[in-house]
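As the structure lists them, so they are numbered: ligands from 1, and atoms in each ligand from 1. As the structure is a computational prediction, the values presented were derived from the model and not from experiment.
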Amino acid sequence: MHSKMKEVYDSVIERDPDQPEFHQAVEEVLDSLGPVIDAHPDYLQVVKSIVEPERIIQFRVPWYDDEGNLQVNRGFRIQMNGAIGPYKGGLRFHPSVNQSILKFLAFEQVFKNSLTGLPMGGGKGGSDFNPKGRSDNEVRRFCQSFMMELWRHIGANLDVPAGDIGVGGREIGFLFGMYRKLANEFTGVLTGKGLSYGGSLIRPEATGYGTVYFAREMLATRDMSFEGAKVAISGSGNVAQFAAEKVLDLGGKPVTLSDSSGFIHDSNGIDREKLAWVMDLKNVRRGRIVEYAEHFGCDYTESKPEPNLNGLWGADADIALPCATQNEINGEEAKMLVDNGCIAVAEGANMPCTPEAVECFHENGLLFAPGKASNAGGVATSGLEMSQNSLRLNWSREEVDRRLEEIMVNIHRNAADTAAKYGMEGNYVAGANIAGFLKVAEAMEAQGHI
Ligand code: NDP
Ligand code: 2IT
């Protein structure tokens with residue numbers, strides 16, 4: 001790491017020694033910025049600021065469960081950087097949520113949103129609430145209590161949250177309803193809304209579709225494609241489901257899916273009929289992925305306790321799309337993919353590959369797409385939802401998908417060209433970090449480092 005960047009990195013660790021996920025995300029970006037600082041020494045001031053959130057809001061979320069017991073969760077919103085537009089980023093409801101995880105996500109979001117080319121700053125929020133096993137009534141009461149505090153900190157021109165792990169269409173609906181009641185106005189304050197109240201076509205599909213569009217562009221640089229490729233996908237939520245759908249559209253064969261309990265390996269391929277069954281299982285019945293193995297008769301492996309080496313990445317696959325959570329592919333698992341002849345990895349999740357895994361992919365010449373580039377289609381389409389809300393118009397499915405695809409092609413080109421310009425051809429990590437940084441840096445400097 002460049003010595004000036006190392007000084008900033010050390011100060012980040014000293015300030016918040018207990019935030020390993022945030023350190024990991026910062027280290028990866030600062031590692032890429034050495035050549036930028038040599039070319040623009042004045043941007044050192046920007047780097048010092050960009051690692052510090054503009055604002056962190058933390059609050060108590062009390063709610064009553066179905067037995068009438070009071071439950072108390074912790075809510076957060078991190079407004080990381082507003083230099084290029086209103087803060088924008090998802091809400092995560094998961095028991096692991098803490099400041100380190102949300103700061104890493106908010107930090108990545110700043111660069112990701114910049115890469116989309118749309119005017120969106122970076123933010124992230126959520127709660128340590130665990131929606132798993134909770135009734136619709138409990139989830140609604142929780143969302144209403146969460147919004148009772150959050151509403152005063154967000155707004156269509158201020159901060160526009162959306163979904164992430166544990167926050168899908170149901171939760172966004174409950175959150176939007178409560179915001180509308182408290183603020184007494186109907187605005188595009190959240191994205192991922194239902195179609196009947198201001199949502200955009202293709203937003204549910206966007207992250208998964210975008211990840212596959214990005215991977216398709218990467219593969220094309222080596223005259224390869226998804227046609228006939230075996231694709232290992234982790235997760236079985238929003239991102240994984242629509243990544244699998246787009247893989248099928250492009251002639252590939254998804255062979256794995258997972259949840260936090262384990263993974264299925266279906267070497268016959270997860271076809272459209274099976275995928276429709278998974279969508280019903282996960283989005284309507286809210287069941288577990290083991291039921292797929294029972295229903296369709298294929299291999300199922302239960303997850304082992306941490307470290308999370310559960311074997312999914314040992315599947316024979318040409319392409320890997322990690323779409324579950326952070327640090328789900330470690331160095332050892334990356335090696336298993338390489339040994340099986342995997343040619344490309346595109347992150348649908350945020351930071352699913354550890355630094356050791358990324359190093360292994362680079363050393364072995366795989367195509368590797370970092371999440372802040374390859375999963376940017378979700379937030380990009382949120383940006384398109386905001387545009388439609390401002391216009392008070394709805395674009396067709398084809399129109400939104402066309403714009404999403406164009407944005408993903410542009411992000412790919414921008415990351416590839418920027419990497420080449422700074423002497424790191426083929427390194428999408430460096431290209432995405434530098435390209436994302438430059439736009440925000442220019443805006444922060446122009447605005448006087450406030
Ligand atoms: P969902 O909640 O819809 O699905 C998450 C999936 O990952 C579930 O199958 C879940 O299993 C699994 N999972 C979550 N945490 C863990 C864990 N600790 N260990 C093992 N499996 C886990 O979330 P999304 O699909 O929306 O998000 C997936 C990833 O994509 C996240 O990293 C998110 O930040 C990222 N992302 C999401 C975007 C979006 O638009 N939704 C946009 C860009 C990135 P289980 O149900 O058992 O917990
Ligand atoms: O990580 C992400 O980019 C998201 N969860 C989507 C954020 C958004 O505002 O759509």
Is there at least one pair of N or O atoms, one from [X] and one from ligand 1, spaced under 3.5 Å apart?
{"X": "C323", "value": "no"}
{"X": "K112", "value": "no"}
{"X": "G378", "value": "no"}
{"X": "N238", "value": "yes"}
{"X": "R203", "value": "yes"}
{"X": "N375", "value": "no"}
{"X": "K282", "value": "no"}

Query raised in the report: So which of F59, F76, W63 actually passes ring-ring contact (aromatic ring centres under 6.0 Å, His included) with F146?
Result: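 It is F59; the other options fail the test.
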
Query raised in the report: Would you say N350 has any N or O atom under 3.5 Å from an N or O of ligand 2, going by distance alone?
Result: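 Yes - when backbone and side-chain N and O of N350 are compared with those of ligand 2, one distance drops under 3.5 Å.
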
Query raised in the report: N/O of P161 under 3.5 Å from N/O of ligand 2, yes or no?
Result: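 Looking only at distances, the answer is no, because the N/O contact criterion of under 3.5 Å is not met.
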
Contact partition for [X] relative to ligand 1, non-hydrogen atoms under 4.0 Å:
{"X": "K132", "value": "side chain"}
{"X": "R92", "value": "side chain"}
{"X": "Q241", "value": "neither"}

Query raised in the report: Looking only at heavy atoms, what is the nearest atom pair of A416 and Y428, with distance?
Result: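 Taking every non-hydrogen atom into account, CB-CE2, 4.1 Å.
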
Hey, which atoms in ligand 1 end up nearer than 4.0 Å to a heavy atom of [X]?
{"X": "S236", "result": "9 (O)"}
{"X": "S258", "result": "9 (O)"}
{"X": "H94", "result": "15 (N)"}
{"X": "N350", "result": "32 (O), 33 (C), 34 (O), 35 (C), 36 (N), 44 (C)"}

Requested in this report: Give the single entry among R203, K88, E385, M386 that approaches atom 6 (C) of ligand 2 most closely by any heavy atom.
Outcome: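 When every heavy atom of R203, K88, E385, M386 is considered, R203 comes closest to atom 6 (C) of ligand 2.
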
Requested in this report: Would you tell me which option among T207, I165, D259 has the nearest heavy-atom contact to atom 38 (C) of ligand 1?
Outcome: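 Looking at heavy atoms only, the winner is T207.
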
Query raised in the report: Is any NZ, NE, NH1 or NH2 atom of the basic residue among R402 and E399 found under 4.0 Å from an Asp or Glu carboxylate oxygen of the other?
Result: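 Judged by the 4.0 Å cut-off on N to carboxylate O distance, R402 and E399 do form a salt bridge.
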
Name every donor-acceptor pair, under 3.5 Å, that has one atom in a side chain of residues 120-133 and the other anywhere in the protein, sequence neighbours excluded.
unit_1: K124; atom_1: NZ; unit_2: D164; atom_2: OD1; d: 3.0
unit_1: S127; atom_1: OG; unit_2: R74; atom_2: O; d: 2.9
unit_1: S127; atom_1: OG; unit_2: F129; atom_2: N; d: 3.1
unit_1: D128; atom_1: OD1; unit_2: N73; atom_2: ND2; d: 2.9
unit_1: D128; atom_1: OD1; unit_2: R74; atom_2: N; d: 3.1
unit_1: N130; atom_1: OD1; unit_2: K132; atom_2: N; d: 3.1
unit_1: K132; atom_1: NZ; unit_2: S260; atom_2: OG; d: 3.1

